[in-house]
Protein chains: 6
Amino acid sequence: MFVHNKRLQYTVRVSEPNPGLANLMLEQFGGPQGELAAAMRYFTQAVSEDDPGRKDMLFDIATEELSHLEVIGHIVAMLNKGCKGELAEAVDSEAELYRKLHGAGNDSHVTQVLYGGGTPLVNSAGVPWTAAYIDTIGEPTADLRSNIAAEARAKIVYERLINLTEDAGVKDALGFLMTREIAHQQSFEKALYSMSPNFPPGKMPGDPRFTNVYFNMSQGEGDARGPWNAEENFEFVTGADAQKSVDGDGDAAVTLTETEQGVLEQLVVRTASDPESDPLTGAELGMGVDEGEVERQRQ
Amino acid sequence: MFVHNKRLQYTVRVSEPNPGLANLMLEQFGGPQGELAAAMRYFTQAVSEDDPGRKDMLFDIATEELSHLEVIGHIVAMLNKGCKGELAEAVDSEAELYRKLHGAGNDSHVTQVLYGGGTPLVNSAGVPWTAAYIDTIGEPTADLRSNIAAEARAKIVYERLINLTEDAGVKDALGFLMTREIAHQQSFEKALYSMSPNFPPGKMPGDPRFTNVYFNMSQGEGDARGPWNAEENFEFVTGADAQKSVDGDGDAAVTLTETEQGVLEQLVVRTASDPESDPLTGAELGMGVDEGEVERQRQ
Amino acid sequence: MFVHNKRLQYTVRVSEPNPGLANLMLEQFGGPQGELAAAMRYFTQAVSEDDPGRKDMLFDIATEELSHLEVIGHIVAMLNKGCKGELAEAVDSEAELYRKLHGAGNDSHVTQVLYGGGTPLVNSAGVPWTAAYIDTIGEPTADLRSNIAAEARAKIVYERLINLTEDAGVKDALGFLMTREIAHQQSFEKALYSMSPNFPPGKMPGDPRFTNVYFNMSQGEGDARGPWNAEENFEFVTGADAQKSVDGDGDAAVTLTETEQGVLEQLVVRTASDPESDPLTGAELGMGVDEGEVERQRQ
Amino acid sequence: MFVHNKRLQYTVRVSEPNPGLANLMLEQFGGPQGELAAAMRYFTQAVSEDDPGRKDMLFDIATEELSHLEVIGHIVAMLNKGCKGELAEAVDSEAELYRKLHGAGNDSHVTQVLYGGGTPLVNSAGVPWTAAYIDTIGEPTADLRSNIAAEARAKIVYERLINLTEDAGVKDALGFLMTREIAHQQSFEKALYSMSPNFPPGKMPGDPRFTNVYFNMSQGEGDARGPWNAEENFEFVTGADAQKSVDGDGDAAVTLTETEQGVLEQLVVRTASDPESDPLTGAELGMGVDEGEVERQRQ
Amino acid sequence: MFVHNKRLQYTVRVSEPNPGLANLMLEQFGGPQGELAAAMRYFTQAVSEDDPGRKDMLFDIATEELSHLEVIGHIVAMLNKGCKGELAEAVDSEAELYRKLHGAGNDSHVTQVLYGGGTPLVNSAGVPWTAAYIDTIGEPTADLRSNIAAEARAKIVYERLINLTEDAGVKDALGFLMTREIAHQQSFEKALYSMSPNFPPGKMPGDPRFTNVYFNMSQGEGDARGPWNAEENFEFVTGADAQKSVDGDGDAAVTLTETEQGVLEQLVVRTASDPESDPLTGAELGMGVDEGEVERQRQ
Amino acid sequence: MFVHNKRLQYTVRVSEPNPGLANLMLEQFGGPQGELAAAMRYFTQAVSEDDPGRKDMLFDIATEELSHLEVIGHIVAMLNKGCKGELAEAVDSEAELYRKLHGAGNDSHVTQVLYGGGTPLVNSAGVPWTAAYIDTIGEPTADLRSNIAAEARAKIVYERLINLTEDAGVKDALGFLMTREIAHQQSFEKALYSMSPNFPPGKMPGDPRFTNVYFNMSQGEGDARGPWNAEENFEFVTGADAQKSVDGDGDAAVTLTETEQGVLEQLVVRTASDPESDPLTGAELGMGVDEGEVERQRQ
């Protein structure tokens with residue numbers, strides 16, 4: 001069960017309203033790398049987890065991410081607060097309000113007109129949050145790696161936002177949020193490596209013929225070597241001939257019943273294209289091919 | 001530039017048509033962990049990458065994933081081939097066709113009616129593929145971790161599909177595809193660790209006050225310890241009092257101009273709720289509260 | 001700040017695993033009328049609310065909805081628990097696992113293959129949750145009505161799920177969740193009517209010429225009267241002539257500069273269709289119109 | 001059956017082209033609170049409704065909303081008309097056209113480049129309309145409340161657009177559209193309350209132990225009382241101890257067969273995390289932990 | 001302005017309820033090739049069209065498609081009518097209701113539980129309709145071709161549904177709807193070819209060096225010739241060497257300022273991968289590489 | 001199988017970075033008419049095609065579109081290259097970086113903050129690419145028409161982008177890409193008309209009573225005639241009376257069992273609206289109707 005305390009986990013002191021900046025901050029509220037995505041990622045993993053240690057950790061961090069969602073939400077709300085009343089109360093002239101929305105040169109008009117200067121679960125382009133952002137699949141050796149990567153991404157987006165922000169209070173709160181992603185990543189790393197073995201993920205081993213093969217499928221100037229395809233670790237296979245149909249003839253086939261085969265042939269015949277034809281086409285009609293040409297082509 | 005060769009990278013030998021199984025296979029064709037997601041993830045990273053080694057590797061693997069998209073697509077096409085003609089040619093009775101679509105107990109009806117037994121870019125529930133599945137953010141220490149996690153997830157979904165499939169040819173091709181995810185994960189791991197340092201991701205260090213703190217925010221029976229929150233590595237903070245407003249008063253505040261403040265107050269007054277009232281409500285009207293009650297309540 | 005306690009708000013006692021039923025329950029986990037939608041609806045309103053009473057109420061109910069999300073999530077997890085291991089461990093034969101996934105006659109295959117029997121934020125069709133489900137616009141006289149309606153909808157979906165469920169423990173927990181929607185609806189109703197006036201919503205009055213007009217735009221047998229169009233309350237306007245262009249000529253017009261007008265005319269001329277022509281078309285080519293016909297038509 | 005008359009329901013007189021304003025107007029054309037959402041909401045309800053009075057009303061209002069979609073569409077088209085030709089005919093220099101698209105400081109570039117200055121069904125951020133905006137569930141006591149709320153929201157978005165618009169003709173037509181939302185809301189209210197009882201929605205009563213309980217789940221400074229949680233109407237429950245596991249032990253449980261239990265245990269053991277370990281992690285490798293450290297940590 | 005008449009354009013006589021069939025029919029109600037897509041496609045084109053003939057035609061056909069949406073909607077409603085009451089009234093046992101939902105072996109459970117047996121704007125997989133299905137771009141030589149194609153697609157989906165349906169009344173109404181797509185396609189073809197020239201679409205000619213070139217980029221067994229790449233019409237270019245960098249060196253380049261160049265180099269250096277390294281990776285840790293190996297690898 | 005060569009198909013020479021222009025170019029990278037949509041459209045058709053000629057052609061063109069995706073991606077990458085490092089390295093002041101993001105007056109802030117100046121698969125509004133853009137249905141007479149239309153649309157969007165671009169290198173590469181759409185359209189036209197007959201699409205003929213009927217459903221000033229509704233080709237039906245219920249009574253009906261009928265009646269009675277009532281409504285409460293009024297109304 002969740003309980004809420006009205007104190008934020010971290011204090012938010014915004015120096016002045018700035019709806020353009022508020023709009024950028026939405027990236028971490030309702031964006032793909034934002035705090036709702038983080039909270040829901042860990043919360044849903046926690047609910048179905050059977051390992052007691054991971055389950056507890058996932059609830060701990062999910063709860064903290066919800067608390068971060070609240071912090072970033074308040075940053076957005078404070079940055080919008082000055083102008084929230086302006087559109088609702090319409091104390092300015094229409095021209096003035098219109099200019100304010102557009103002068104900023106950003107997407108804050110969506111936030112203002114559609115959401116009233118509130119805190120919607122959209123990213124900075126106004127795209128609604130979707131659970132398609134969450135890549136949990138219910139297997140801890142994969143999900144923990146996904147969590148590690150998610151924390152790394154969130155850290156970077158915070159870093160970018162900090163680089164864009166002059167407001168000392170916003171910078172300070174963002175710094176806290178960014179730092180926590182580093183801490184969480186470390187916990188997920190510890191959890192992953194406390195499972196042994198954890199690679200390859202899952203239960204089924206790979207086919208040893210292909211587990212350490214590197215196919216050099218992009219060729220030409222710029223071809224490079226490094227530990228990711230070095231001979232110490234990988235069999236390096238280059239050239240289309242060695243790469244195609246590595247196991248047989250590279251065909252696709254299926255065994256059909258006679259009836260299925262017959263129906264399929266009927267379909268193929270009915271929809272066959274005639275490679276010998278040179279048909280007059282709609283494009284040619286559209287180019288204004290003249291009648292003689294039409295006649296000639298149709299012979 | 002891409003070139004295509006009609007031989008598949010791996011041979012597809014399906015023993016008999018099975019549209020229900022075809023539908024499951026879509027998970028790796030147009031699903032979130034599938035081959036299009038993989039190919040586009042690496043391709044888009046390759047295009048903007050400036051490190052020559054990583055750029056080459058990303059093009060290599062992107063190209064292979066496109067080739068895998070082709071393999072899994074042909075598995076789907078072969079599994080659907082027997083019935084592809086049946087709906088188009090309508091040689092069976094309507095009842096028979098209807099039964100075939102529903103008898104399978106799965107979502108293959110979507111694939112049949114809407115896509116004609118083809119190979120649409122949807123997952124096994126019929127949800128269209130979306131680039132929201134791709135979590136690339138343009139920073140290699142994050143993106144490589146995302147790639148590592150993506151390979152782990154794809155490996156697992158292949159493992160599940162193999163566990164569900166009796167068809168030896170399908171199993172064999174899926175085994176190849178699954179194995180290649182293991183190989184790719186190893187390349188991405190090598191690439192990540194050949195960047196040094198790569199943690200924390202990005203350029204900006206964390207705030208040392210919070211980098212190694214673990215907030216135990218989920219409490220009660222089941223609370224657990226492990227390396228993810230062990231004292232060797234983390235300062236363990238428990239209890240709401242120690243967790244809230246870790247830096248100040250936990251308030252959110254913004255400095256408004258006098259005008260902004262005035263407009264906001266006007267808005268607040270206009271939309272104030274009266275905590276002392278006990279208004280008659282629509283719900284009460286809807287319950288059929290009688291008139292005496294209405295009168296009483298409104299006094 | 002949020003805190004989590006490992007006790008659920010309501011006990012979940014499932015009598016036996018049932019992945020088909022689990023799949024239906026997802027409707028209230030990651031579906032449009034489900035608990036995540038409710039929690040995020042109220043949470044985001046709370047963050048931007050300036051009225052102290054409503055703000056507190058919104059945080060109270062948002063927190064409870066998060067706790068409900070946890071309850072319904074555990075119902076799903078328990079219903080899936082029996083089979084969660086089966087696919088991962090693959091102790092059954094492939095045929096048996098395939099049969100289990102499809103025998104249920106529902107979409108649980110998505111949950112099993114893609115999400116490993118977990119608790120994904122999708123609805124019972126497998127469609128990922130989207131913030132497009134949340135209709136908050138940042139104006140309390142509208143948002144409270146939206147909340148009232150949302151609670152009514154959630155109540156109904158729970159009622160339907162209860163009607164489908166034989167499992168006494170699931171029924172019991174669903175009954176609790178359904179009941180709480182009734183309680184929340186009552187709170188939102190009280191909050192709405194404690195704002196006075198609250199209709200029309202917002203600040204701007206309607207145009208009195210049209211505020212109480214009812215346009216009878218669907219005509220024919222079945223035309224009906226009732227309080228929603230009764231003469232006591234509405235001016236009843238019927239017939240297309242009285243309904244169209246109620247204020248003028250019903251045209252759309254804009255004043256263009258001479259230059260704009262000129263460019264537009266150039267566009268119109270360039271893309272004009274010739275009403276006097278009888279062109280040969282692609283469809284006619286496609287019907288196999290013979291050459292004589294082609295010639296005739298093109299004269 | 002629908003019939004169309006080329007006169008608009010309300011005249012549209014735009015004083016001059018303004019693609020930036022056109023872009024804002026899209027909010028009520030293809031946005032979540034716009035006229036397509038309204039028309040489709042009522043139309044789909046009408047089609048499945050069995051009560052003759054409501055069915056007629058829903059068709060009446062659906063038809064009017066379609067007519068409003070046409071009015072707002074023409075506002076957008078007129079605002080775009082001046083520039084529609086400019087990009088197609090390219091009479092300006094490239095630099096001039098580029099400047100026009102960007103000078104406005106809004107998202108009109110999407111409308112221009114992708115939609116040619118037309119009237120796409122997107123909102124002002126360019127997000128395509130989705131039926132996920134429609135919350136109809138097929139139960140009139142819920143759907144009528146949803147309709148009431150939808151009309152309230154649409155009224156507000158029109159109010160905001162009017163506040164932003166200087167163009168007298170646009171203001172006038174928006175005023176008509178806004179007013180009609182007020183009229184529709186009144187009809188839906190009459191329809192709702194002509195059903196008696198209509199609360200609680202649906203057929204199943206709530207559990208009396210929880211129907212009038214208010215859980216005070218957000219605590220701390222700012223805690224407030226009002227009619228929504230007043231003792232006259234609600235039992236006020238505060239404190240996590242009184243709120244958690246209100247009916248039992250707050251656990252989640254399911255009865256598994258012995259086999260299911262065995263497989264699950266196998267899964268748990270295979271994927272167990274070792275709480276006693278202190279594993280070396282990828283993050284530590286990434287920080288450049290030196291070899292001695294590696295060795296030490298791995299002991 | 002739209003007006004509605006309660007008579008359908010075509011009579012719907014369903015012989016008996018069938019929620020599974022209802023679910024399939026949704027494909028043409030809220031699916032990508034369905035009637036809402038058609039109606040909105042033509043309606044939005046009509047609103048922005050300046051050619052009087054096309055504008056009238058588009059309004060004519062848009063209005064008819066809305067009337068078709070109503071017909072297919074009533075087919076769905078009739079097929080669902082028998083069971084609509086069953087879940088709401090719950091006169092059957094829970095087990096019986098559950099069996100009815102799942103016995104059908106299709107996705108009707110979504111329609112029943114979430115939409116109450118109504119007529120939602122989703123396809124047969126339950127995916128909500130999206131304006132992303134509409135490909136209008138505001139240029140008639142393109143949009144008319146899109147309309148022609150859309151009619152062809154809708155015709156085919158109706159054909160498939162007819163092939164699946166035994167119910168004579170449903171077949172009859174679907175036959176009408178299918179036929180009308182043929183009629184509409186013919187009108188759009190006439191409208192396209194009454195514009196002369198209409199190919200290439202738009203105003204700008206192609207580069208003559210590449211307008212009639214065919215690049216044979218897929219090679220190997222199965223390579224084929226036909227009128228689409230015949231020498232009469234196309235210059236046939238084969239082999240990667242002749243296809244790549246057809247104009248220069250095939251590089252991508254941009255001129256940077258010295259400062260930009262400097263910052264970029266700083267980024268490249270900071271994030272460089274070391275091709276000479278052979279780093280220990282997380283995957284290797286995860287495989288349980290022993291300490292000696294760790295040490296060795298890190299030397 | 002695909003192979004990649006590091007030379008682009010066409011050289012990209014960008015004269016200077018321009019993130020605003022980069023953002024517009026995304027329309028053809030991850031937008032609905034862009035190269036990914038084209039490549040995937042043809043690739044998925046190729047995989048399921050059984051006609052050898054069309055299959056080869058579809059693979060040829062799909063492969064070329066992938067190569068175009070690479071070209072347009074490199075245009076985006078070059079236009080972003082100058083600023084890619086600026087946010088990551090943060091060498092400018094925060095105010096300067098903020099100004100750069102907003103000064104452009106476009107959505108490039110999304111690309112910068114979320115995607116780090118990379119090449120994401122989104123359109124110029126930041127909306128992620130979705131397979132809902134692909135309208136393939138698995139029937140060649142429809143799919144080829146869809147392909148023809150898709151090429152026409154892509155040609156136009158390139159034309160618009162060329163009209164907006166001053167950069168000679170960008171213009172040149174766009175010109176190549178635009179031209180290739182013309183070439184592809186011609187190939188698809190040849191392929192369509194080499195199938196004979198190809199109209200009506202599919203196998204089932206239309207109902208001759210309605211195949212050549214034109215319903216004039218939009219009436220009033222502006223009604224027009226042209227080849228699309230001319231008497232030579234169409235029976236022109238005008239007036240609602242002649243258009244409605246063209247075959248019978250225009251009703252919708254279904255035969256229910258007695259039990260179904262009984263349950264439905266029970267539902268109708270339970271949810272009936274009382275047309276004779278004049279209920280007090282929530283809106284009236286909200287307007288502050290006084291008690292006397294309440295009493296009066298409820299009598």
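Just so you know, these numbers use all the heavy atoms, side chains as well, and skip hydrogens, waters and symmetry mates. A note on names: the letters A, B, ... follow the listed sequences, proteins ahead of strands, and every chain is numbered from 1.
- Among Phe59(B), Phe43(B), Tyr42(B), the one residue that satisfies the ring-ring contact (aromatic ring centres under 6.0 Å, His included) test with His4(F) is Phe59(B).
- Contacts of Leu69(F) with chain B are made by both backbone and side-chain atoms, with heavy-atom separations under 4.5 Å.
- Side-chain contact between Lys81(B) and Asp50(F) is present, with at least one heavy-atom pair separated by less than 4.5 Å.
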Please step through side chain to side chain contact (heavy atoms under 4.5 Å, CB included) for the pair Leu121(F) and Met40(B), ending with a clear verdict.
CA-CA 8 Å; Leu121(F) 287 165; Met40(B) 287 303 114; 3.6 Å; yes
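- The residue among Glu89(F), His68(F), Glu49(F) with the most heavy atom pairs within less than 4.5 Å of chain B is Glu89(F).
- Nearest heavy atoms, Leu66(F) versus Leu66(B): CD1-CD1, 3.8 Å.
- Top candidate by heavy-atom pairs under 4.5 Å with chain F, chosen from Gly282(B), Gly138(B), Pro128(B), is Pro128(B).
- Chain F forms more heavy-atom pairs under 4.5 Å with one residue of Gln45(B), Met78(B), Lys6(B), Lys203(B) than with any other, namely Lys203(B).
- Ala131(B) touches chain F through backbone and side chain together, each having a heavy atom under 4.5 Å away.
- If you take CG on Leu114(B) and CD1 on Ile137(F), they are separated by 8.0 Å, rounding to the nearest 0.5 Å.
- Residue contact with chain B, scored on non-hydrogen atoms closer than 4.5 Å, is absent for Asp143(F).
- Interface residue Phe29(F): only side-chain heavy atoms are found under 4.5 Å from chain B.
- Across Asp56(B), Thr63(B), Val113(B), the residue that shares the most heavy-atom pairs under 4.5 angstrom with chain F is Thr63(B).
- Counting only N and O atoms by type, the side chains of Thr119(F) and Thr44(B) include no donor and acceptor under 3.5 Å apart.
- Nearest heavy atom pair, residue His74(F) against residue Lys55(B), reads NE2-NZ, 4.2 Å.
- Proximity to chain B (any heavy atom under 4.5 Å) is shown, for Gln9(F), by both the backbone and the side chain.
- Ranking Gly116(F), Gly30(F), Ser48(F) against chain B, the residue ahead of the rest is Ser48(F), based on heavy-atom pairs under 4.5 Å.
- In this pair, Phe2(B) and Phe2(F) present their aromatic rings perpendicular. The plane angle is above 60°, beyond the 30 to 60° band.
- Interface summary for chain F: among Ala46(B), Ser67(B), Gly117(B), the most heavy-atom pairs under 4.5 angstrom belong to Ser67(B).
- Contacts of Glu139(B) with chain F are absent, with no heavy-atom separation under 4.5 Å from either backbone or side chain.
- Rounding to the nearest 0.5 Å places CG of Leu36(B) at 6.5 Å from CH2 of Trp129(F).
- Looking at Glu64(F), there are no atoms closer than 4.5 Å to chain B (heavy atoms on both sides), in backbone or side chain.
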